[in-house]
Amino acid sequence: LLAVAVLVPLQEELGSLTRGRQAWVLLPSLSSRSFSSRATTSVPAARRHASSSSPSAATEWTPAETWLQSVREGVAAAGGSAGWADAAEAMATAMEADRDEVDTALAKAYGWKAWAELNRPSYLKPKMPDPIGIRDALAWLVSGPLRLSPAQLRDVMAERPKAFLSDPATAYAAALEVAPEPFAGPAKFKELLLREPAALQLSWNCDLTDPSTRGEEIHCDGKCVNCWRTITPRF
């Protein structure tokens, strides 16, 4: 049989994910097959159909659900499902959040999101969450000087989960100690954290150090990633 290249619109299959796109699918020109036999490779991985338990039912996965599924599979393969579930349960309770939101925060904090989105490369070594450490962190965030509400916890976890899950008490003390005006003091610092969660990582301020210790051509202490002086202008 001769084969011809037929331009097949994919808008119906792909919806908003591929709106306006088209793809070439090779179909036999004299075949009696209908378009229902189109090559499945033309459908992106973000979309999957029909679970094995219900072949007649169609299930759509968004891109976020796709990488989350990869994360869950990776965690299970590494034997970390129990610890992950324990940490997720603690976070879901404190944040009053659903499992997808919690898993997203954990995946971002421990390197699993990047691992999944880069197609599970072997050179990336995501870590497993420590349920005990996470429970301690959440207890401090809720009952310590910040006293974050569930809604506030959801906001900061969406932005900087690693900072707020990795010994936030120590990070808070270090950042507050060197915070410049107008962010100095617990009340002003909390207000900033709710607007700019990244401020929890600012443990240095080279405006407070001795310039004579740097050398003539060095204008800072070389700790720009964690320095108030570098970040403050954007606040």
Side-chain angles (χ1 to χ4, degrees), residues 16-17 46 60-75 80-81 83-118 120 124 126-176 179 183 186-203 225-228 230-235:
S16 60
L17 289 176
E60 298 181 8
W61 287 3
T62 66
E65 289 171 331
T66 300
W67 71 254
L68 268 178
Q69 182 64 20
S70 293
V71 167
R72 289 162 181 156
E73 291 171 359
V75 169
S81 295
W84 186 284
D86 190 4
E89 180 183 3
M91 291 179 65
T93 300
M95 296 165 57
E96 297 180 0
D98 62 34
R99 183 60 185 267
D100 281 357
E101 187 173 3
V102 167
D103 281 353
T104 296
L106 283 172
K108 290 173 66 177
Y110 294 96
W112 287 94
K113 184 174 187 290
W115 174 84
E117 290 183 331
L118 291 174
R120 313 184 186 196
L124 285 183
K127 298 179 180 180
M128 292 296 179
D130 171 19
I132 295 176
I134 285 178
R135 288 182 183 277
D136 289 344
L138 292 170
W140 183 85
L141 291 169
V142 170
S143 60
L146 289 177
R147 295 189 177 276
L148 299 182
S149 68
Q152 291 169 338
L153 273 176
R154 291 195 298 272
D155 288 342
V156 299
M157 292 298 177
E159 293 292 327
R160 299 285 171 166
K162 183 176 181 180
F164 283 83
L165 291 175
S166 305
D167 194 6
T170 298
Y172 173 86
L176 184 60
F183 311 117
K188 293 180 179 179
F189 186 48
K190 177 181 178 178
E191 181 181 347
L192 174 65
L193 282 177
L194 294 177
R195 177 165 51 86
E196 298 284 351
L200 188 63
Q201 299 171 286
L202 302 181
S203 57
V225 173
N226 302 107
C227 185
W228 279 97
T230 304
I231 305 298
T232 299
R234 89 176 192 195
F235 291 161

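The structure displayed is predicted, hence computed values, not measured ones. Numbers here simply count residues along the sequence, with the first being 1. Computation of the quantities below employed the complete heavy-atom set of this structure, encompassing side-chain atoms and omitting hydrogens, waters and symmetry-equivalent molecules.
Within a 6.0 Å sphere centred on NZ of K162, other residues, nucleotides and ligands contribute 12 heavy atoms or fewer.
The line from OG of S70 to CG of L118 is 11.5 Å long, rounded to the nearest 0.5 Å. For the atom pair W84 CH2 and M128 CE, the distance stands at 7.5 Å (nearest 0.5 Å). From K127, atom NZ reaches atom OH of Y110 across 9.5 Å, with rounding to the nearest 0.5 Å. Distance check, rounded to the nearest 0.5 Å: CG of L141 to OG of S149 gives 11.5 Å. Taken from CG in D100 to CG in L68, the straight-line distance is 5.5 Å, to the nearest 0.5 Å.
The shortest side-chain heavy-atom distance between L165 and M157 falls under the 4.5 Å cut-off. Side-chain contact between R99 and E89 is absent, with no heavy-atom pair separated by less than 4.5 Å. Looking at heavy atoms from C-beta onward, L202 lies out of side-chain contact with C227 at the 4.5 angstrom threshold. The closest side-chain heavy-atom distance from P126 to W115 is below 4.5 Å. The side-chain heavy atoms of P150 and M95, taken from C-beta on, include no pair separated by under 4.5 Å.
In plain terms, the two heavy atoms of V75 and S81 that are nearest each other are CG1-N, 3.7 Å. Taking each heavy atom of P129 and I134 in turn, the nearest pair found is CB-CD1, 3.6 Å.
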Before giving the answer on side chain to side chain contact (heavy atoms under 4.5 Å, CB included), spell out for R147 and V142 the whole-Å C-alpha distance, their side-chain angles and the decisive distance to 0.1 Å.
-> CA-CA 4 Å; R147 295 189 177 276; V142 170; over 6 Å; no

Could you go through the side chain to side chain contact (heavy atoms under 4.5 Å, CB included) check for V156 and R160 one step at a time?
-> CA-CA 6 Å; V156 299; R160 299 285 171 166; over 6 Å; no

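Checking D103 against W112 by side-chain atom types alone, no donor-acceptor pair falls below 3.5 Å.
Listed by first and then second residue, the ring-ring contact (aromatic ring centres under 6.0 Å, His included) pairs that reach into residues 143-174 are W140-Y172, Y172-F189, sequence neighbours excluded.
Remark: of the listed residues D130, T93, D86, D86 is the sole one forming a side-chain contact (heavy atoms from CB on, under 4.5 Å) with R135.
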Show me the donor-acceptor pairs within less than 3.5 Å that the side chains of residues 190-200 make with the rest of the protein, sequence neighbours left out.
| residue | atom | partner | partner atom | Å |
| --- | --- | --- | --- | --- |
| K190 | NZ | L146 | O | 2.6 |
| R195 | NH1 | F235 | O | 3.2 |

